[in-house]
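Note: hydrogens, waters and symmetry copies are ignored here, and every other heavy atom, side chains too, is used. Read the numbers this way: they start at 1 and go in the same order the structure lists the ligands and their atoms.
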Amino acid sequence: MKIINPATEDVLADVEPAGRGETDRAVARAKAAFPAWRDVAPGDRARLLRRFADLVDRHAEELAELELANCGHTIGNARWEAGNVRDVLHYYAGAPERDFGRQIPVAGGVDITFHEPLGVVAVIVPWNFPMVIMTWGVAPALAAGNTVVVKPAEWTPLTAMRLAALALEAGLPEGVLQVLPGAGEVAGARLVEHPDVRKIVFTGSTEVGKQIAATAARTVKRVTLELGGKSANIVFADADLERAAASAPGAVFDNSGQDCCARSRVLVERPVYEEFLERLERAVAAVVVGDPRDPGTDMGPLISADHRDRVASYVTGTPRFQGTCPAGKGFWFPPTVLTHAALDERAFTEEIFGPVVGVVPFDDEAHAVRIANDTPYGLSGSIWTENVGRALRVARAVEAGNLSVNSHSSVRYWTPFGGYKESGLGRELGPDALAAFTETKNVFIAH
Ligand code: NAD
């Protein structure tokens, strides 16, 4: 697999993809490593994870630069991502000693529950936030005592491979965390069907997620699915319009729109619709698209030429307005704002996964909620209003897993993250993540 820098089109590396046989060998190594890893004393497992986190911290700049080169992430974002990997590892390093069960009152004896690891867990990762998304699965899985095989996306395996090496250096035993670069249809598909893999954590497209759920059903494999999104940013007339407009580009164009949580549908209450668009136009004009290494850059390139073509296919007529982007080498696309004559236009209903946003007016609260929910997705969203009652009503009414009021934040490693409807199944991060990597065993002991 030729690994390309999307900002320059230079070849960064040549990586040998794992075939079916290599995938089976990785699963066998993970299975063999499991009993000893499960039996590592909780405090020792915690210490190893903390050492891993500390090594990530020491190599944070290197990891950030690798992600910048492989994905075109801006240097600011890439540094945040390396810090997030460290923090997620530290957070779940606190879990092994706290992964306790319960004692439940019963007649004639004692009833206790245990949380036991599943065995081999496979984490299948997309290309948009490679090291971060990998770690959201890996850290709680390891903390709970599972062994892990990671299948990074075809285009972006470099930080995953580096993290696996750092894990070994930190003292994690061989076979506990392996990274297996390879094709989705080969290595990924084999992990999903493999009888010795007990759980799949998949982040990626809804289409592939559905296939994975169907295949996993054959072996009753546990699955966590983090899938696509088409999230709504709902702006009421009583909102702080300047803040809402100034922050809207970041909420959809961050990471060049290649973000499952992108607020790619902006719904604006009709009396302030035109005023909002004027302010948004100024904010979009100020978005700096260019060299991701420059700290002043807001947005880098798209991941590949194919993906750029796919994004461009959604912009058929004349956009309402567009920002600028570099010409020449690199997979560039300008921030683009569309308005829609009809709500069933493809660009307003499908996940574009690029820097394209659709803006539409709404009449009242019920209308806004109806538009926001008129999608198979349900990942995130934002609500802008100064009316706290309305903020809570709308937050409860929108069918999505991660909502923010007067802000666009979706992700904190210590709060749960995941989707409603076809945006996913299960939750990652937060205090309960270990539940997705353990079985509950109930034991009754007669007096
Ligand atoms: P994708 O579904 O094409 O690929 C994701 C991963 O699955 C890759 O590693 C790929 O190799 C692998 N894969 C592909 N086919 C497979 C198969 N048949 N069996 C097993 N594995 C297979 O997605 P992508 O294009 O890499 O990522 C973009 C998508 O990911 C978008 O839809 C985006 O919304 C979604 N995403 C969701 C979240 C979330 O948390 N909800 C986060 C990031 C990205």
- Message: Ring centres under 6.0 Å, that's the criterion: do F437 and H115 meet it?
- Response: no

- Query: Are F362 and F236 close enough that their ring centers fall under 6.0 Å?
  - Reply: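 Close enough - the centres of the two rings lie under 6.0 Å apart.
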
- For atom 13 (N) of ligand 1, state whether the nearest protein heavy atom is under 4.0 Å away. yes

Quick check on [X] - does any of its heavy atoms sit under 4.0 Å from an atom of ligand 1?
X    : answer
F129 : no
P152 : yes
G419 : no

Residue [X] vicinity, atoms of ligand 1 by number, heavy atom under 4.0 Å:
X    : answer
K151 : 8 (C), 9 (O), 10 (C), 11 (O)
Q211 : 18 (N)
T203 : 5 (C), 36 (N), 37 (C), 38 (C), 39 (C), 40 (O), 42 (C), 43 (C), 44 (C)
L379 : 41 (N)

- Message: Please list all pairs meeting side chain to side chain donor-acceptor pair (under 3.5 Å) that have one or both residues in residues 167-188, counting only residues at least two apart or in different chains.
- Response: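 Only R29-Q178 qualify under side chain to side chain donor-acceptor pair (under 3.5 Å).
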
- Does anything in residues 283-313 pair up under ring-ring contact (aromatic ring centres under 6.0 Å, His included), and if so which pairs, sequence neighbours excluded? W127-H307

- Given that the side chain starts at C-beta and the backbone is N, CA, C, O, which of these parts of I212 lies under 4.0 Å from ligand 1, counting heavy atoms, or is it both or neither?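 Near ligand 1, I212 shows its side chain, while the N, CA, C and O stay back.
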
- Under-4.0 Å heavy-atom contact with ligand 1, by part of D259 that carries it: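 Neither; no heavy atom under 4.0 Å.
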
- Would you say K421's side chain and N373's backbone share a donor-acceptor pair under 3.5 angstrom?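 Checked: pair present.
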
- Distance-only, no hydrogens or angles: does the T297 side chain make a donor-acceptor pair with backbone N or O of D291 under 3.5 Å? yes

- For atom 28 (C) of ligand 1, which of Y377, W155, F353 has the closest heavy atom? F353

- Task: Tell me, with the steps shown, if F321 and L280 meet side chain to side chain contact (heavy atoms under 4.5 Å, CB included).
- Result: CA-CA 10 Å; F321 44 86; L280 180 64; 4.1 Å; yes

